[in-house]
Structure formats: C-alpha cells, structure tokens
Amino acid sequence: MRLDYLHTAEHPVCRVPARYYRMVNIAGEHVGNINLRLDTTEAITRYAGHIGYEVFPEHRGHRYAAQAVRLLIPVAREHKITLLWITCDPENTASRRTLELAGAEYVETVNVLYNHAIFLAGHPSKCRYRLATSPETDTPQIPSEEKP
C-alpha cells in the first residue's frame with residue numbers, strides 16, 4: 001500500500017489547507033482517496049476531523065483506509081500536528097472499525113451544531129477518535145521484561 005500525493009488545496013468544508021492523496025494497493029490499483037487537513041480548528045477537532053478517506057466499493061474490506069491513516073502519521077508530524085482527530089458517523093461501523101485498526105482511540109459521540117455545514121449535509125452526530133502522532137505510535141511497543 002502506498003499513497004500518491006496529488007496536490008495541496010483548501011478543503012472545501014473546513015476551509016484549511018489539505019494534502020490530497022490517492023491510495024494505491026500493492027497491485028498498483030487506485031483503491032480510494034485520503035486527505036489530511038493541515039490545521040487544527042474547533043470544527044476539525046469536534047466534527048470534521050483531520051483526515052477524510054474514501055475506499056471505492058469494489059476495494060472495501062482489505063483494510064486500505066486503516067493502512068492509509070497510519071501512512072499519514074509522519075506527514076501530520078511534519079506539519080506539527082501532534083494529535084489527529086478523526087470523526088465518523090455513529091452508524092458507520094466500517095469506518096469505526098477502520099479507526100480502531102489504525103490505532104485511534106474512541107473519545108465520545110457529539111451532536112453537530114444545527115447550523116454547521118456537516119449537520120446540513122445530513123450528519124447530525126459524529127464519533128470522535130484521537131490518534132497521537134508521536135514516533136512511538138509508528139511501531140508496536142514491546143513491554144520490557146525487566147523489573148523496575
């Protein structure tokens with residue numbers, strides 16, 4: 001799995017710079033898209049999240065989105081984002097599982113303000129997950145067998 005950088009542009013909803021990537025599987029197939037929003041605003045931390053992704057229907061079930069989220073951690077760190085907030089709709093069990101597989105921790109479910117663009121687009125609530133971008137999150141940690 002790799003991410004092919006496409007461009008950096010203003011995110012249409014969040015109104016912050018975002019880096020856009022194509023998800024490409026090991027066979028070289030374009031399997032979906034992912035973006036990283038490069039600023040931290042209240043709307044991003046509460047409703048929209050730093051990361052948005054889409055896996056094409058014919059490629060779902062292969063954990064591509066979870067892999068892509070993990071691949072964005074060093075990019076987020078380069079942009080001084082120490083804590084990624086990622087959201088999904090409560091009924092989107094596939095996205096919730098994706099975030100768990102990526103190592104994100106569920107924090108809470110929040111109601112979206114009624115006048116927010118996300119609410120107006122048909123998303124009245126969001127599950128909030130957080131994912132640290134510290135170097136320790138890049139590889140699994142094995143506990144020491146030494147006694148303190």
Side-chain angles (χ1 to χ4, degrees), residues 1-140:
M1 167 79 170
R2 73 174 195 264
L3 298 180
D4 288 347
Y5 172 76
L6 297 172
H7 64 278
T8 300
E10 182 178 275
H11 189 274
V13 175
C14 300
R15 304 285 186 215
V16 299
R19 292 179 62 102
Y20 292 83
Y21 298 86
R22 177 180 295 132
M23 290 186 243
V24 180
N25 68 11
I26 196 142
E29 300 171 295
H30 178 197
V31 300
N33 300 300
I34 191 165
N35 69 77
L36 172 65
R37 293 132 201 182
L38 301 175
D39 201 355
T40 301
T41 66
E42 184 176 355
I44 286 174
T45 61
R46 297 221 20 104
Y47 307 138
H50 284 102
I51 294 176
Y53 52 82
E54 166 197 27
V55 176
F56 303 141
E58 63 272 23
H59 295 288
R60 292 180 183 159
H62 299 280
R63 300 183 174 176
Y64 294 135
Q67 292 173 49
V69 167
R70 297 295 300 171
L71 289 172
L72 284 180
I73 289 174
V75 179
R77 192 179 316 123
E78 287 174 18
H79 288 275
K80 310 291 187 240
I81 300 170
T82 58
L83 190 61
L84 288 168
W85 288 96
I86 310 168
T87 67
C88 66
D89 291 341
E91 64 278 1
N92 188 341
T93 55
S95 232
R96 293 182 77 164
R97 181 69 180 137
T98 290
L99 297 174
E100 292 165 2
L101 289 168
E105 175 188 7
Y106 172 78
V107 175
E108 65 183 338
T109 300
V110 296
N111 293 322
V112 179
L113 291 174
Y114 73 93
N115 60 349
H116 195 278
I118 290 174
F119 181 94
L120 298 172
H123 306 277
S125 59
K126 288 290 182 179
C127 292
R128 299 176 67 226
Y129 288 80
R130 66 179 166 218
L131 180 61
T133 64
S134 62
E136 295 81 36
T137 62
D138 289 345
T139 56

For Glu10, check side-chain contact (heavy atoms from CB on, under 4.5 Å) against everything at least two apart and list the hits.
-> Arg15
Exceeds 12 heavy-atom contacts within 6.0 angstrom, atom CZ of Arg60 | yes
Residues 79-90 vs salt bridge (charged side-chain N to carboxylate O under 4.0 Å, His left out), sequence neighbours excluded, gives Asp89-Lys126
Sorted by chain and residue number, the side-chain hydrogen bond (donor to acceptor under 3.5 Å, both in side chains) partners of Thr41 (sequence neighbours excluded) come out as none
How many angstroms lie between NE2 in His62 and CE in Met23, if you round to the nearest 0.5 Å?
-> 13.0 Å
With sequence neighbours excluded, what pairs up with Arg19 under the salt bridge (charged side-chain N to carboxylate O under 4.0 Å, His left out) test?
-> none
Main-chain N/O of Ile81 paired with Thr133 side-chain donor or acceptor, under 3.5 Å = yes
Got a sec, which pairs hit ring pair (Phe, Tyr, Trp, His ring centres under 6.0 Å) with one end in residues 74-103, sequence neighbours left out?
-> none
Are any of the side-chain nitrogens in Asp4 or Arg2 under 4.0 Å away from the carboxylate oxygens of its partner?
-> yes
Got a second to check how far Asn33's CG is from Leu3's CG, nearest 0.5 Å?
-> 10.0 Å
Can you tell if the side chain of Leu36 reaches within under 4.5 Å of the side chain of Leu84, non-hydrogen atoms only?
-> yes
First locate atom CG of Leu131, then atom CD of Glu100, and finally report the distance between them rounded to the nearest 0.5 Å.
-> 12.5 Å
Here the pair of heavy atoms bringing Ile34 nearest to Val69 is CD1-N, 3.9 Å
Hits for side-chain contact (heavy atoms from CB on, under 4.5 Å) against Leu120, two or more places apart or cross-chain, chain-then-number order -> none
Nearest heavy-atom neighbours spanning Thr109 and Pro90 = CG2-CG, 3.9 Å
Identify, with sequence neighbours excluded, every residue that meets side-chain hydrogen bond (donor to acceptor under 3.5 Å, both in side chains) alongside Glu91.
-> none
Can you list the residues that meet the side-chain hydrogen bond (donor to acceptor under 3.5 Å, both in side chains) rule with Tyr64, with sequence neighbours excluded?
-> Asn25
Quick one: does Pro124's side chain get under 4.5 Å of Val112's, heavy atoms only?
-> no
Of all pairs that satisfy ring pair (Phe, Tyr, Trp, His ring centres under 6.0 Å), the ones with a partner from residues 100-126, not counting sequence neighbours = Tyr47-His116, Tyr106-Tyr129
Non-neighbouring partners of Arg130 that pass side-chain hydrogen bond (donor to acceptor under 3.5 Å, both in side chains), sequence neighbours left out = Glu105
Residues at least two apart in sequence or cross-chain that pass side-chain contact (heavy atoms from CB on, under 4.5 Å) with Ala94, listed by chain then number, are Asn92
For Ala66, enumerate each residue passing the side-chain contact (heavy atoms from CB on, under 4.5 Å) test, keeping only those at least two apart in sequence or located in another chain.
-> Thr98, Leu101, Ala102
Which distance, rounded to the nearest 0.5 Å, do you find between the CG of Leu38 and the NE2 of His11?
-> 11.0 Å
What is the distance from atom SG of Cys88 to atom CZ of Arg128, rounded to the nearest 0.5 Å?
-> 12.0 Å
Between Cys14 and Arg37 the two heavy atoms that sit nearest each other are SG-CD, 4.1 Å
Minimum heavy-atom distance between Ala65 and Val55, given as atom pair plus value | CB-CG2, 3.8 Å
Can you tell me how far the CG atom of Leu72 sits from the CD1 atom of Ile51, to the nearest 0.5 Å?
-> 5.0 Å
Do you know which two heavy atoms are closest between Val13 and Ala117, and how far apart they sit?
-> CG1-CB, 4.3 Å
Looking only at non-hydrogen atoms, find the nearest pair between Ala68 and Met1 and report the distance.
-> CB-CE, 4.0 Å
